[in-house]
2 protein chains.
Amino acid sequence: MARNKVNYALIEDASKRKVSCNKRLKGLLKNFDELKTLCDVEVATIIYGPYRNEPYTFPNNDVVRNTFIKFKELPTLERSKHMVTREEFTMQRIKKLEEQLQKVRKEIGSRK
Amino acid sequence: MARNKVNYALIEDASKRKVSCNKRLKGLLKNFDELKTLCDVEVATIIYGPYRNEPYTFPNNDVVRNTFIKFKELPTLERSKHMVTREEFTMQRIKKLEEQLQKVRKEIGSRK
DNA sequence: GTCTCTATATATAAAAG
DNA sequence: TCTTTTATATATAGAGA
């Protein structure tokens, strides 16, 4: 994806593959996080990587379990809307930091 | 992400949110597809969007079903060991933003 | 292995049609 | 709305420490 365009096929070199895998996993989790935050989409993911036996889950085990139950049973579960206090808090924090960054960067830009 | 940087918060405008949601879903599925192909990672995802009753699944319903069953059978302890919780993820994000802020502020300081 | 850097590919917000 | 286009932000392959 950068420097060189990558072939749409298994990366043969094992160490390159591992590095790529970790970078892409990170990117994927960010995408999920943003989709959930910006667009209010409910996601549940299990990822089995080749480098550990236990899977990665997102956003967390409970949600994954609940989403699966919902998926299996199809009748819509009424979901609690009152369990995001901490998440809201950290979200605000991130927003604020990003605004500060923007501001400071703009200040730099105007001096160049 | 383009033209303008987007705030890390729910997109208030409903039609913008929908457009963004669809674009991001598309991107996310592409990411999954590439991770699976390039790095031989097994993934299972359920995504409930606000615009249809049926969830999106990747790679397909059967794999999702099987993967989640497999996940359910893991002992709880093993499961939580490598869980990527959303909280952890946001903490990392905050840390990174703070580092950037520090760096940029230092740059400003050195010019004054 | 693990971080950082950075050039390039890609994703995507907003505009235009 | 939806598609297509474009400008910008972001992700990431490869390199170097």
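Residues satisfying the side-chain contact (heavy atoms from CB on, under 4.5 Å) criterion with Val64(B), sequence neighbours excluded, are Phe71(A), Ala44(B), Ile46(B), Thr57(B), Phe68(B). By the side-chain hydrogen bond (donor to acceptor under 3.5 Å, both in side chains) test, Asp33(B) is found to be paired with Tyr8(A), residues two or more places apart in sequence or in another chain being considered. In this structure Lys18(A) satisfies the side-chain contact (heavy atoms from CB on, under 4.5 Å) test together with Asn22(A), Tyr51(A), sequence neighbours excluded. Applying the side-chain hydrogen bond (donor to acceptor under 3.5 Å, both in side chains) rule to Asp13(B) yields the partners Ser15(B); only residues at least two apart in sequence or on another chain are considered. For the side-chain contact (heavy atoms from CB on, under 4.5 Å) test, residues two or more places apart in sequence or in another chain that qualify with Lys30(A) are Glu34(A), Phe89(B), Arg93(B). Here Lys70(B) pairs with Tyr48(A), Glu42(B) under the side-chain contact (heavy atoms from CB on, under 4.5 Å) rule; sequence neighbours left out.
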Letter by letter from the 5' end, nucleotides 11-17 of chain C scores (B base, S sugar-phosphate only, - none; protein heavy atoms under 4.0 Å) SBBBS--
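dA13(D) atom P lies 12 Å from atom CG of Asn7(A), rounded to whole Å. Taking atom NZ on Lys18(B) and atom C1' on dT1(D), their separation rounds to 9 Å, with Å as the unit. The CG atom of Leu35(B) sits 15 Å away from the P atom of dA11(D) (whole-angstrom rounding).
Taking five base pairs at each end of the helix from dT2(C)-dA17(D) to dG17(C)-dC2(D) and finding the rotation axis that steps the C1' atoms of four pairs onto the next four gives two axes whose angle is 20°, to the nearest 10°.
The closest donor-acceptor contact from the side chain of Ser20(A) to the backbone of Lys16(A) lies at 3.5 Å or more, if one exists at all.
For the ring-ring contact (aromatic ring centres under 6.0 Å, His included) condition, the pairs that include at least one residue of residues 12-37 of chain B, sequence neighbours left out, are Phe32(A)-Phe32(B), Phe32(B)-Phe58(B).
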